[in-house]
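Because the structure is predicted, anything quoted here is derived from the model rather than measured. Order of listing sets the numbers, starting from 1, for every ligand and every atom in it.
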Amino acid sequence: MQVSTNNESELFLNPRADTERSELWGALSAAGSDAAIEEIGRWSDYAETPLVALPGQAARLGIAGLHYKDESGRFGLGSFKSLGGAYAVFRLLQSTLGAESAADEITSADLESGRFGQRTSRIAVCCATDGNHGRSVAWGAQKFHCRCVIYLHQHVSAGRQAAIAAYGAEIVRTPGGYDESVRRAAADAERNGWTVVSDTSWPGYEVIPRDVMHGYTVMADEVVRRMRTDPPTHVIVQAGVGGVAAAVCARFAYEFGPSRPKFIVAEPARAACLYQSGRDGHCATVDIVEETVMACLSAGEPSPLAWSVLERGVDAFMTLGEDLAPEAMRVLATGADGDPPIVAGESGAAGFAALMAASRSGEHSRQLGLDADARVLVFGTEGATDEQIYSRLVGRSPAEVMQRRG
Ligand SMILES: Cc1ncc(COP(=O)(O)O)c(C=O)c1O
């Protein structure tokens with residue numbers, strides 16, 4: 001049977017998974033990924049994020065090894081998302097200014113220095129966001145000196161709004177959910193001559209979300225360079241529209257070829273659009289009836305660009321019940337059995353939550369081969385991007401958790 005359920009999650013083994021283990025760039029490309037890795041690596045504030053071994057958790061879960069890619073410190077923005085939106089803003093400004101003049105190619109250092117400030121300040125970018133993507137776009141706009149307007153739907157917390165406003169973005173609050181905020185951003189952009197910098201694609205709108213996803217491949221490349229001689233057997237990535245999962249999947253398939261790890265995508269059961277797409281065999285939309293605690297994974301529709309990689313790149317789709325991510329946050333914060341305590345936000349802990357749920361279910365761990373030989377990689381895609389929510393769910397503040405690291 002392809003679908004199996006326990007009381008916490010559902011698992012669907014993808015019948016379209018690429019058994020040849022070939023390259024899987026889909027609508028992305030090796031050249032685009034390499035260019036992003038080179039460019040972002042040059043940014044003055046770039047630093048690789050830690051890949052943390054968690055042998056204590058591995059032993060508890062009955063697997064050989066566990067690594068956690070900790071994105072909480074990425075560019076001081078709290079999540080991997082800072083790689084995508086900001087890179088797309090850079091590419092947009094570079095190409096817009098490049099088209100206007102025959103000068104040498106404009107670099108990120110040129111833009112950051114404000115040398116072209118008079119021209120870039122006339123360019124405006126905008127987007128709708130659940131939090132992290134908007135923060136990245138706002139940061140990129142401030143870094144490279146253009147105007148930025150961010151649309152937030154009514155469920156985005158005040159803490160996340162403040163974090164975006166801190167980068168000088170103008171904030172527009174919209175009624176309804178995420179989809180309404182996307183429509184409003186698109187309409188305002190059209191009317192005002194702004195450019196939408198979205199992390200999801202739609203027919204006819206691909207250049208910018210492709211740049212965003214190429215930016216995310218930086219995170220995958222950092223892991224590959226650390227694990228090249230001892231690759232994981234399983235990789236779990238949490239998904240909203242699927243952009244980061246596709247970026248990791250494509251870079252890993254490229255680097256590891258036929259010996260690439262088994263690839264598992266995890267989503268909230270309340271917003272499981274990729275799981276549904278896997279079952280339907282094409283991009284599927286789901287209604288979000290109730291918002292998930294994993295706020296940044298709340299997407300009802302996959303990005304078609306992401307789907308072009310994931311439709312064959314994913315070995316299994318998993319859904320997550322609502323209690324799993326908070327439990328995973330608390331387990332990571334405890335840091336038992338010699339593991340360091342880790343601060344992971346609600347969406348950031350979802351990959352580890354999926355591993356916990358699969359390991360607890362005999363059937364799921366058997367189907368996925370999560371046995372005593374498995375070496376698993378999970379992505380901690382965010383830290384405590386809203387400290388109040390974090391403290392409420394974990395029972396301790398991020399600072400208290402980090403103090404225990406000593
Ligand atoms: C912390 C975090 N993790 C994972 C995701 C999922 O990324 P994607 O929407 O590209 O699937 C997001 C999206 O905003 C996020 O903010």
Side-chain angles (χ1 to χ4, degrees), residues 28 49 68-75 77-88 127-137 150 152-153 155-157 160 163-164 178 181-182 197-201 208-217 219-220 236-250 263-268 271-275 277 283 288 292-310 313-314 317 320 325 328-329 343-354 378-386 389-390:
L28 305 185
T49 55
Y68 181 97
K69 177 68 170 164
D70 185 357
E71 288 295 303
S72 61
R74 182 71 76 180
F75 287 123
L77 270 74
S79 86
F80 79 95
K81 282 260 149 185
S82 44
L83 293 165
Y87 178 63
C127 71
T129 183
D130 286 321
N132 289 331
H133 174 67
R135 199 163 167 182
S136 177
V137 172
I150 301 290
L152 302 178
H153 61 83
H155 306 291
V156 178
S157 70
R160 295 203 161 104
I164 294 168
Y178 176 73
S181 63
V182 170
V197 176
S198 171
D199 55 356
T200 193
S201 63
I208 287 174
R210 187 182 287 118
D211 286 340
V212 169
M213 289 166 67
H214 282 145
Y216 299 159
T217 64
M219 175 179 75
I236 308 177
V237 184
Q238 54 272 55
V241 301
V244 64
V248 173
C249 186
F263 197 77
I264 301 153
V265 162
E267 291 166 288
C273 60
L274 291 161
Y275 173 88
S277 301
C283 258
I288 297 177
T292 168
V293 68
M294 292 160 266
C296 303
L297 309 183
S298 178
E301 210 174 324
S303 167
L305 276 190
W307 185 246
S308 73
V309 175
L310 298 176
V314 175
F317 296 94
L320 303 174
M329 292 164 75
V343 174
E346 314 85 89
S347 304
F352 177 69
V378 297
F379 285 85
T381 51
E382 68 173 351
T385 49
D386 186 312
I389 295 177
Y390 182 89

Sequence neighbours left out, what passes salt bridge (charged side-chain N to carboxylate O under 4.0 Å, His left out) with Glu301? Give chain and number order. none

State which residues pass salt bridge (charged side-chain N to carboxylate O under 4.0 Å, His left out) with Glu346; sequence neighbours excluded, sorted by chain then number. Arg160

Passing candidate, side chain to side chain contact (heavy atoms under 4.5 Å, CB included) with Gln238, options Val378, Leu297, Leu320: Leu297

Qualifying residue for side chain to side chain contact (heavy atoms under 4.5 Å, CB included) with Cys273, from Cys283, Ser303, Pro302: Pro302

Stepwise side-chain hydrogen bond (donor to acceptor under 3.5 Å, both in side chains) check, Thr49 with Glu71: CA-CA 6 Å; Thr49 55; Glu71 288 295 303; 2.7 Å; yes

Identify, with sequence neighbours excluded, every residue that meets salt bridge (charged side-chain N to carboxylate O under 4.0 Å, His left out) alongside Asp70. none

Protein N/O near ligand 1 N/O, under 3.5 Å, which pairs?
| from | atom 1 | to | atom 2 | distance (Å) |
| --- | --- | --- | --- | --- |
| ligand 1 | 3 (N) | Thr381 | OG1 | 2.7 |
| ligand 1 | 9 (O) | Val241 | N | 3.0 |
| ligand 1 | 10 (O) | Gly243 | N | 3.0 |
| ligand 1 | 10 (O) | Val244 | N | 3.0 |
| ligand 1 | 11 (O) | Gly240 | N | 2.7 |
| ligand 1 | 11 (O) | Val241 | N | 3.3 |
| ligand 1 | 11 (O) | Gly242 | N | 2.7 |
| ligand 1 | 11 (O) | Gly243 | N | 3.4 |
| ligand 1 | 14 (O) | Lys81 | NZ | 3.4 |
| ligand 1 | 14 (O) | Cys296 | O | 3.4 |
| ligand 1 | 16 (O) | Asn132 | ND2 | 2.8 |

